[in-house]
Protein chains: 2
Amino acid sequence: MSKKEALLKAAENKVRLGGYSNFSFRELANEVGIKSASVHYHFPTKADLGAELAHQYTDAFLLSLGEPAELKAQGKDPIDFYTSLFRGALVTDKKMCLCGLLGAESDTLPEKVRIEVKRFFTKNLTWLSAAHSVNGDENPQKAAIQTVSMLEGAMMISKTLDDHSYFDLATRDSN
Amino acid sequence: MSKKEALLKAAENKVRLGGYSNFSFRELANEVGIKSASVHYHFPTKADLGAELAHQYTDAFLLSLGEPAELKAQGKDPIDFYTSLFRGALVTDKKMCLCGLLGAESDTLPEKVRIEVKRFFTKNLTWLSAAHSVNGDENPQKAAIQTVSMLEGAMMISKTLDDHSYFDLATRDSN
DNA sequence: ATATAAATACCTATCAGTAGATAGGTTAAT
DNA sequence: ATTAACCTATCTACTGATAGGTATTTATAT
């Protein structure tokens, strides 16, 4: 892993725990074994780092999602699969969704970071609309916003109450 | 309004936009017309201020909610009423729920602040369980966590995309 | 009623720590 | 000779916090 990749990984961990202000160039530099001034070589400003982080996070998430129709063809419910990725982020990483946290702070983010967070949700809503469509839902757009809202909210509350059974209860299909 | 009340109000506005790190004693002091050292007279530490802020926010919210059974007796659907309070916070204030934002940052908050954020959600889940109960829902606890998750999530996404029609679509009863 | 004590609500001045950012130098690979 | 990937050293700005001072009000004791 290059220093640049290591910096992004370290930043992701920090942001997913405490938001955009929860990482500094000094901390990142220490963690990967370089000096803070050298971080500016890879990312001219903090906003540049934050924007690239959110962009790569979005791309990686979409990549691991695949295509709704393809999932369906494999006999998987795309919404269940989407939910399981969120659950992994919460239960395995024990961290928030990067863009969930940044989205809540949206008003105070540098413009170029906010644009990337918007992109995450726009792309997620498009994916979820298609997923609910292949599932035969009546109003796929409404179902899409409801799905991502519920997952982000359940994640946040489970983190707050430090108990992922809240997430499981909220997302359980049966009663 | 006393200086102390003004400090809490100023802090609330800042936190609801950018989280716990988005206010400083100097900024608050400037806004209410005192010096930063004097803020420490009212709140020994930043954590004390944050904790009192979250505590009062919770109490005020619960007070404006009233009792689910009482709302029902007045012919109001308690869940619709709960939803309308969240909508007001988003549309009128154009800000996040204080504890929604703090909850997402939970891992990096001082202990006494985190306790108050937990208290907000614990009390809200109790209220919503009762509300779904009087509505005759099959699984009121599951419905409670789903309701608050959806509202917090929809709020965050509407803030991010700067369009409260996402909130309205997510919370609309009809199709 | 008056003197005294104490609490309230601020103030000035200052501290050590951390923030993001920049200028300019070094080293090694291309 | 150039570029990549670091480095040292330093800057200004801001952070929460503390020590110690002042003026005003309130409470108590004589």
Side-chain angles (χ1 to χ4, degrees), chain A residues 1-56 101-102 105 107-117, chain B residues 1-56 101-102 105 107-117:
Chain A
M1 186 162 56
S2 71
K3 296 289 186 186
K4 182 169 181 175
E5 286 168 327
L7 287 168
L8 285 170
K9 194 68 222 164
E12 180 186 323
N13 286 329
K14 303 237 175 231
V15 174
R16 285 179 62 189
L17 288 176
Y20 184 72
S21 65
N22 196 43
F23 77 93
S24 72
F25 277 31
R26 275 174 182 73
E27 283 177 320
L28 299 190
N30 281 342
E31 284 190 29
V32 310
I34 60 175
K35 298 294 170 179
S36 86
S38 305
V39 181
H40 288 277
Y41 168 75
H42 298 287
F43 307 99
T45 69
K46 183 172 181 176
D48 290 318
L49 197 163
E52 194 161 330
L53 175 60
H55 192 92
Q56 290 195 12
L101 225 166
L102 291 178
E105 300 178 313
D107 283 308
T108 58
L109 293 179
E111 180 70 8
K112 57 167 60 176
V113 181
R114 184 167 50 239
I115 286 169
E116 294 300 331
V117 180
Chain B
M1 187 162 56
S2 72
K3 295 289 186 187
K4 182 170 181 175
E5 287 169 326
L7 288 168
L8 286 171
K9 195 67 221 164
E12 180 186 325
N13 286 329
K14 302 236 176 232
V15 174
R16 286 179 62 188
L17 287 176
Y20 184 72
S21 65
N22 196 42
F23 77 91
S24 72
F25 276 33
R26 273 174 183 72
E27 282 177 321
L28 298 190
N30 281 342
E31 284 191 27
V32 310
I34 62 175
K35 296 295 169 178
S36 86
S38 306
V39 181
H40 288 277
Y41 169 77
H42 297 288
F43 308 99
T45 68
K46 184 173 180 174
D48 290 318
L49 197 163
E52 193 160 331
L53 175 61
H55 192 92
Q56 290 195 13
L101 225 166
L102 291 178
E105 300 178 313
D107 283 308
T108 58
L109 292 179
E111 180 70 8
K112 58 167 60 179
V113 180
R114 185 168 50 239
I115 285 169
E116 295 298 332
V117 180

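All values reported here derive from a predicted model rather than from experimental measurement. Naming: A, B, ... by sequence-line order, numbering from 1 per chain.
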> Atom CD1 of Ile34(B) and atom P of dT12(C): how far apart are they, to the nearest Å?
Replying inline: 12 Å

>> Check the phosphate of dT8(C) against His42(B), side-chain N and O only, distance under 4.0 Å to OP1 or OP2. Yes or no?
In response: no

> Measuring from Lys46(B):NZ to Leu28(B):CG, what's the distance to the nearest 0.5 Å?
Replying inline: 8.5 Å

> Any donor and acceptor pair, going by atom type alone, linking the side chain of Lys112(B) with main-chain N or O of Ala47(B) inside 3.5 Å?
Replying inline: no

>> A cation-pi test, strictly: NZ or CZ of Lys4(A) under 6.0 Å from the centre of the six-membered ring of Phe43(A) and no more than 45 degrees from its axis. Yes or no?
In response: yes

> Roughly how far apart are Asn22(A) CG and Leu101(A) CG, rounded to 0.5 Å?
Replying inline: 9.0 Å

> Which whole-number value in Å describes the distance from Glu27(B) CD to dG16(D) C1'?
Replying inline: 13 Å

>> Can you measure Lys35(A) atom NZ to dG20(C) atom C1' for me and round it to whole angstrom units?
In response: 17 Å

> In Å and rounded to the nearest 0.5 Å, what is the CZ to CG distance from Arg114(B) to Asp107(B)?
Replying inline: 7.0 Å

> Given dA19(C), is OP1 or OP2 found less than 4.0 Å from the side-chain N or O atoms of Ser24(A)?
Replying inline: yes

>> Tell me the interatomic distance from Lys4(B), atom NZ, to dC10(C), atom P, rounded to whole angstroms.
In response: 12 Å

>> At less than 4.0 Å, is any side-chain N or O atom of Tyr41(A) found next to OP1 or OP2 of dC6(D)? Yes or no.
In response: no

> Rounded to the Å, how far apart are Asn30(A) CG and dT18(C) C1'?
Replying inline: 12 Å

>> Between P on dA9(C) and CD on Glu5(B), what's the gap in Å once rounded to a whole number?
In response: 12 Å

> With the sugar-phosphate defined as primed atoms, P, OP1 and OP2, and the base as all remaining atoms, what B/S/- string results for nucleotides 21-30 of chain C, 5' to 3', for protein heavy atoms under 4.0 Å?
Replying inline: BB--------

> What is the ring orientation for Tyr20(A) with Phe23(A), classed by angle as parallel under 30°, tilted 30 to 60°, or perpendicular over 60°?
Replying inline: perpendicular

